[in-house]
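The next block holds one structure in the form of structure tokens; read it before the comments.
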Amino acid sequence: MSCDRTSAWRQLQDHYDNAGSNFDVRRAFAADAGRFERFSQSAPHLFADLSKNLIDAQSEDLLLALARETGLEAHRAAMFAGEHINNTEDRAVMHWLLRAPADADTPRRAELAQVHETLDAMLAYAEAVRGDHTITDVVNIGIGGSDLGPQMAVLALGDFVAPGKRFHFVSNVDGHELAGVLKGLAPEHTLFLIASKTFTTAETMTNAQSAKRWFAQSGGTDIARHFAALTTNVEAAHAFGIDKTFGFWDWVGGRYSLWSAIGLPIALAIGAEGFRAFLAGAHAMDEHFRTAPLAQNLPVRLGLLDVWYRNFHGFTTRSIAPYHSALKRVPAYLQQLEMESNGKQVGANGKPLAFGTSPVLWGEPGTNGQHAYFQMLHQGTDVTPLEFVAVRDATHQLEGHHTKLLANALAQAQALMVGQADAGGHKNFPGNRPSTFFVFEKLTPEVLGAFLALYEHRVFTSGAVWGINSFDQWGVELGKVLARDIEPRLASGDVAGLDGSTAGLLERLRPR
Ligand SMILES: O=P(O)(O)OC[C@H]1O[C@](O)(CO)[C@@H](O)[C@@H]1O
């Protein structure tokens, strides 16, 4: 049943109208000494404080009822059973299987055996390349899910990266990016990874062709040693001239693929043991999501909070501020995960939805964001729920920095909630602005794996309640088709049939 037709939805609307719309989290803390405990919890490898959010026991209870009424548990079971819940592409959704141990209790035994066979081969290759000191530069060529995850994780786990290799990520079809990277490279010291689930993506194919041409023109000889492909389309990789391939399967969505062969740059960076730890962290979160009661299930609580904010409070964006510079690319990674998954206007049945879906997700690391857009978060006319990520232990010895960093994260969350009412005018902070606070003890492969899996299941939860297919991305197709039509027009100048604006701009952008 569509979520907006359920009795829980109606009750949530009543609760919002009666109490939710003027809920004051400061009063809620004053009235309940146990609020922090009630609305915070541990989950594998991390801790989350939800208590500064605009929720009370009744809203959580009703949101849980909404989850039950919309069949969240059955949908979750269907995903873990390998049913084709990606109905528009008739595919299973089994990225979770990529991180299951070889002896896991799952009905998908055959696929699990293939997963481990590929994983073992990929990690053996990663270790061999790590030991090959003639390779000093690894260039990953891929885009979207074939870029954002590995790039984000290699940066995030910088403390675990063995010295001796530089990692480069080329995604954009803008040749400035590839040309800039190639400038500093020598073919005999470079390994190119062509990462593409489909091996047809225009940007990646264009960059891969140019890299191959550069390799030959700069005296490179042994393609088999200097190129590898990470793809479900092994045939196309061979046709391109690459022998060394690591495969994966159509049941791994692009934005869920960093756990597969697409994660090879991560394995090259942190080693086989580190990559297995990364998978183990995610698996621990999978088990939590699969088995914990809904009321203590962190991805479920977060996904339901997202529904509460989007559909009842009407908040259209959510911001994330990782207070750790190594987590700089996490917002970009999560943007694809959440917005490509849940940015849908029709339900899984293809019928238009009468309610909002994915919020806009955005953010920058703290403390940087504080000196840029936090002004709006504190005093703007719109309310934006903010998510903090703070790591207790630093891995550097620079005196004073980490304490200042953590103090800032705590202070910002406090300021958003408490506000400052008595100052008046321009100095008035309304407060009561919601935030969630994640605590990692250390930034390790396990912790990062768990955090990313937490987000995946959170997006699954809101998507399931909304009744959408979170695993297709038809919205990216139209632009691709039109780009193919426009490309030759830039050379020919033919504007026939184009709208006035596109024709006018094309005329200005034509090469002179
Ligand atoms: O890995 P591929 O097939 O090159 O696709 C790259 C990205 O393009 C998309 O299909 C969107 O165009 C993403 O979903 C995907 O992660």
Q: Determine which pairs satisfy ring pair (Phe, Tyr, Trp, His ring centres under 6.0 Å) with at least one residue from residues 112-136, sequence neighbours left out, and list them in order.
A: Y125-F246
**Q.** Intermediate values then yes/no, side-chain contact (heavy atoms from CB on, under 4.5 Å), L72 and V300
**A.** CA-CA 9 Å; L72 170 67; V300 170; 4.0 Å; yes
**Q.** Within the 6.0 Å centroid threshold, strictly below: H324 and F440
**A.** no
Q) Ring centres of F215 and F227 under 6.0 Å apart? A) yes
**Q.** Pair D49-T436, side-chain donor/acceptor within less than 3.5 Å
**A.** no
Q. Distance only, no hydrogens: is a donor on one side chain within 3.5 Å (strictly under) of an acceptor on the other, for D137 and H168?
A. yes
Q: May I ask you to say whether D132 pairs ionically with R225, meaning some side-chain N is under 4.0 Å from a carboxylate O?
A: yes
Q.
Please check: side-chain N/O of E127 versus main-chain N/O of A272, any donor-acceptor pairing under 3.5 Å?
A. yes
Q | Heavy-atom donor-acceptor pair, E177 side chain to N172 backbone, under 3.5 Å | A | yes
Q: List in chain and number order the residues that pass side chain to side chain donor-acceptor pair (under 3.5 Å) with Q335, two or more places apart in sequence or in another chain; answer none if no residue qualifies.
A: none
Q) Knowing that exactly one of H95, Q114, E111 qualifies, which makes a side-chain hydrogen bond (donor to acceptor under 3.5 Å, both in side chains) with W249? A) Q114
Q) Testing T357, D472, N469 for side-chain hydrogen bond (donor to acceptor under 3.5 Å, both in side chains) with K344, which one passes? A) D472
Q: Please indicate whether E117 has more than 12 foreign heavy atoms, meaning atoms of other residues, nucleotides or ligands, lying under 6.0 Å from its CD.
A: no
Find the distance between [atom1] ([X]) and [atom2] ([Y]) and round it off to the nearest 0.5 Å.
| X | Y | atom1 | atom2 | value |
| --- | --- | --- | --- | --- |
| I270 | F278 | CD1 | CZ | 7.0 Å |
| L294 | L63 | CG | CG | 11.5 Å |
| L258 | Y333 | CG | OH | 4.5 Å |
| W251 | W96 | CH2 | CH2 | 8.0 Å |

Q. Among pairs that include at least one residue of residues 450-469, which meet salt bridge (Lys or Arg N to Asp or Glu O under 4.0 Å), considering only residues two or more places apart or in two chains?
A. R99-E456, D306-R458, E387-R458
For residues 362-372, which side-chain N or O atoms pair as donor and acceptor with protein atoms under 3.5 Å away, sequence neighbours left out?
| from | atom 1 | to | atom 2 | distance (Å) |
| --- | --- | --- | --- | --- |
| W362 | NE1 | T317 | OG1 | 3.1 |
| Q370 | OE1 | Y323 | OH | 2.6 |
| Q370 | NE2 | N408 | OD1 | 2.9 |

**Q.** By salt bridge (Lys or Arg N to Asp or Glu O under 4.0 Å) - contacts of D250 (at least two apart)
**A.** R91
Q. Regarding R76 and the six-membered ring of F289, is the cationic atom NZ or CZ under 6.0 Å from the ring centre and inside 45° of its axis?
A. yes
Q. Got a sec, which pairs hit side-chain hydrogen bond (donor to acceptor under 3.5 Å, both in side chains) with one end in residues 184-194, sequence neighbours left out?
A. none
